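Structure first, commentary second.
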Amino acid sequence: MQKTIIATGEYSVGVFISLLLLNSGAFAQAQYDLLIQGGHVVDAKNNVSAVRDVAIRDGKIAAVAPHIDPASALKVVNAAGLYVTPGLVDIHVHVYASTGERSSYAGDNSVWPDGFTFRSGVTTVADAGSSGYRNFEDFKEHIIDRSKTRVLAFLNIVGAGMRGPKYEDVLADMDPKPAAQTALRHRDTIIGIKTAHYAGPEWTPVQDAVEAGTLANIPVMVDFGTNHPESRPLADLLSKMLRPGDIYTHMYSGLRNELDDTGHVNKGMWEGRKRGVIFDVGHGGGSFAWRVAVPAVQQGFLPDSISTDLHIGSMNSGMKDMLNIMDKFLAIGLSVDQVIALSTWNPAREIKREELGNLSVGAPADVTVLRLEQGTFGFTDIYGARLAGTQKLTCELTIKNGLVVYDLNGITRPDWTTLPKGYMETGDARWDGITPAKKKP
Ligand SMILES: [Zn+2]
């Protein structure tokens, strides 16, 4: 026992000296696993919009600086001319695809997350209420725990989850206590409560969702369902029923009087924003119209966050993916820095996961490298109406927890002619999540 202690003591001194040498730059060995060099970093949390190098070690952001010695990194990626952003955070998706249930968001209407996320620069998604407290464990076992994407969840206030009107209109299955208990039991994964699609005139679903959110100290996301301007007007939802920090999704749907008859943004929307209610895009297959979004943005009513509402009905429609919606906001006049903030730091804050959506030293190394193309492009809304644009974002590289998980043009890869005859996997497991070299037995 005593011998071990002495050995540990000697080792610590050695490590201490090594750290001193590393810090002084005397060592040129691999201090970092991965270095992304020369890209234009946009990090809203840290007010950075400038050319920076980003270094990663052990799955975390290790340094961000105007120049980091390339010799200090095991792998160097040239990102000159590209944008380097935190991994995108999409807080409205439906990814509970595993049950085999037809016409159900807890089933066939959902998609498998990894097929849609990394290729659009998304590293974190929040499922928006596909499961409720009765089937969350099943969702976690089959999707959340098996996906490479970081999957978080808003828990539906309906116990059975998002399985169609037969379930979603049943007030008796909306129970704040078990919903809150489930959320507290899974506080690393459940980041909010969702109410959606309710057809009736009562406030009960919203009240129950807010009660569950209050018990579990998490925000509520509202899809306000069928429009009932007499019995439950939008203005009352935003100015009375929701708490600051609760989220109104589908903000540009136009389905619930988001614009008034004169084409102005509903006064209740402004009132809600003043109170701290959050406004989220939630584009989906039925919730984004140019005739609503363009005038609202012109009147200064911008989104707090961009999200897809990804599901089988939206994935190939006006909505394509997260980048397509970011492009849409570029096309109606927002800046690149703005659309990146709305897709990274803002949504991370809304779901109270402030370790995400930024490139602070010590944060999980989720990094997205984007190319901004100039050209002639077009973007369609849910009614098939087109708006022309001149800019389009493409995802070149996605890094999750320090590992490259998507590389469109192989910018991290060696040319095959430079490799030995009979080459096999070319990467290193310290940075490569796609084809790391197998460990020698
Ligand atoms: Zn949805």
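Each ligand, and each atom within it, is numbered from 1 in the order the structure gives. These numbers were taken from a predicted model, which means no experiment stands behind them.
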Under 4.0 Å between a side-chain nitrogen and a carboxylate oxygen: does that hold for Arg163 and Asp173?
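No salt bridge links Arg163 with Asp173.
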Closer than 4.0 angstrom, basic N to acidic O: yes or no for Arg273 and Asp304?
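The answer is yes: the pair qualifies as a salt bridge.
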Could you pull out all residues at least two apart from Phe136 that satisfy ring-ring contact (aromatic ring centres under 6.0 Å, His included)?
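Per chain and number, Phe136 pairs via ring-ring contact (aromatic ring centres under 6.0 Å, His included) with His186.
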Are Trp290 and Phe329, when compared by the centres of their aromatic rings, separated by less than 6.0 Å?
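No.
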Check salt bridge (charged side-chain N to carboxylate O under 4.0 Å, His left out) between Glu350 and all other residues, then give those that pass, not counting sequence neighbours.
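With sequence neighbours excluded, Glu350 shows a salt bridge (charged side-chain N to carboxylate O under 4.0 Å, His left out) to no residue whatsoever.
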Counting no waters, what protein N/O/S atoms lie under 2.8 Å from the Zn ion (ligand 1)?
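Per the 2.8 Å query on the Zn ion (ligand 1), atoms found are His92 NE2, His94 NE2, Asp309 OD1.
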Pairs meeting criterion salt bridge (charged side-chain N to carboxylate O under 4.0 Å, His left out) with involvement of residues 358-372, two or more places apart:
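Qualifying pairs: Arg150-Asp366, Arg371-Glu396.
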